[in-house]
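Ligands are counted one by one from 1 in listed order, and the atoms in each one are counted from 1 as well.
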Amino acid sequence: MTASGRFVTLEGGEGAGKSTQLEALAALARDAGIEVVTCREPGGTVLGERLRAALFDLERAPEPLAELLVFNAARAQLVAEVIRPALERGALVLCDRFTDSTVAYQHYGRGLPLETVEAVNRAATGGLAPDLTLLFDLPPEAGRARGQHGGSDYLEREALAFHERVRAGYLALANAQPARWLVLDATLPIPELTRMAWERTSSD
Ligand code: TMP
């Protein structure tokens with residue numbers, strides 16, 4: 001890894017509050033005088049935002065392999081254009097979703113082989129991995145009940161069983177690499193979640 005900054009990713013199902021937490025953590029970092037760069041996946045670059053719009057404009061899910069490649073096309077651009085340069089400057093990078101989303105959704109959710117998902121993820125990132133991943137864990141029914149911000153897309157409309165597999169996948173990933181993950185109960189009050197997330201984000 002060429003990077004010298006700190007790379008922190010936020011993960012979780014729909015309605016888990018990742019974006020609210022990302023904003024809160026970025027504000028705390030700025031207050032502490034730390035250079036912080038925020039991004040979201042898919043997105044964060046002109047190409048990435050266009051791919052996001054094209055994907056979420058679809059009425060129904062595309063071919064799983066096509067979906068995997070679109071997420072990773074956006075990711076390759078984001079890593080090269082935003083994340084690597086920021087880490088090389090020594091910045092704190094907070095990213096709303098990264099490769100773990102792809103393993104959770106495209107492998108555990110869709111059923112694509114793990115080797116395929118990992119190989120494409122690796123090609124897109126050049127092997128860049130987060131230093132810390134914050135999992136905002138929430139039962140899918142609770143996420144759904146929190147309502148859709150900005151209308152629902154085909155992924156949000158997937159059956160509850162799909163979202164249950166995604167959640168179980170995240171928990172399996174966290175269990176397999178406990179040093180990299182902090183699992184947070186997303187039903188806790190927002191300020192408490194921010195406090196716990198910041199404690200780990202700002203350490204090391
Ligand atoms: P969100 O960031 O607004 O939650 O929307 C992104 C959606 O895309 C969400 O349903 C998760 C999904 N997704 C994947 O399925 N695979 C991926 O690799 C990424 C980054 C997102």
Is there at least one pair of N or O atoms, one from R52 and one from ligand 1, spaced under 3.5 Å apart?
yes
Atoms of ligand 1, numbered as shown, that sit under 4.0 Å from any heavy atom of R75
18 (O), 20 (C)
By number and element, which atoms of ligand 1 are closer than 4.0 Å to a non-hydrogen atom of F56?
6 (C), 7 (C), 8 (O)
Aromatic rings Y170 and Y105: how do their planes relate, parallel, tilted or perpendicular, breaks at 30° and 60°?
perpendicular
Heavy-atom check, side chain of T99 versus side chain of T125, under 4.5 Å:
yes
Counting from 1 in the order shown, the ligand 1 atoms closer than 4.0 Å to a non-hydrogen atom of Q106 are 14 (C), 15 (O), 16 (N), 17 (C), 18 (O)
Can you classify the ring geometry of F98 versus F7 as parallel (below 30°), tilted (30 to 60°) or perpendicular (above 60°)?
perpendicular
If we ignore angles and hydrogens, is there a donor and acceptor under 3.5 Å between the side chains of Y154 and E59?
no
N/O of Y105 under 3.5 Å from N/O of ligand 1, yes or no?
no
Which of the ligand 1 atoms, numbered from 1, are nearer than 4.0 Å to a heavy atom of L155
8 (O), 10 (O), 12 (C), 15 (O)
For R157, look at atom CZ and say whether over 12 heavy atoms of other residues, nucleotides or ligands are found less than 6.0 Å away.
yes
Within a reach of under 6.0 Å around CD1 of I190, are more than 12 heavy atoms found that belong to other residues, nucleotides or ligands?
no
Record the part of R97 in heavy-atom contact with ligand 1 below 4.0 Å; permitted values are side chain, backbone, both and neither.
side chain
Looking at ligand 1, would E14 count as a contact under a 4.0 Å heavy-atom criterion?
yes
So, E11 and S101: side-chain donor and acceptor under 3.5 Å apart, yes or no?
yes
N/O of D96 under 3.5 Å from N/O of ligand 1, yes or no?
no
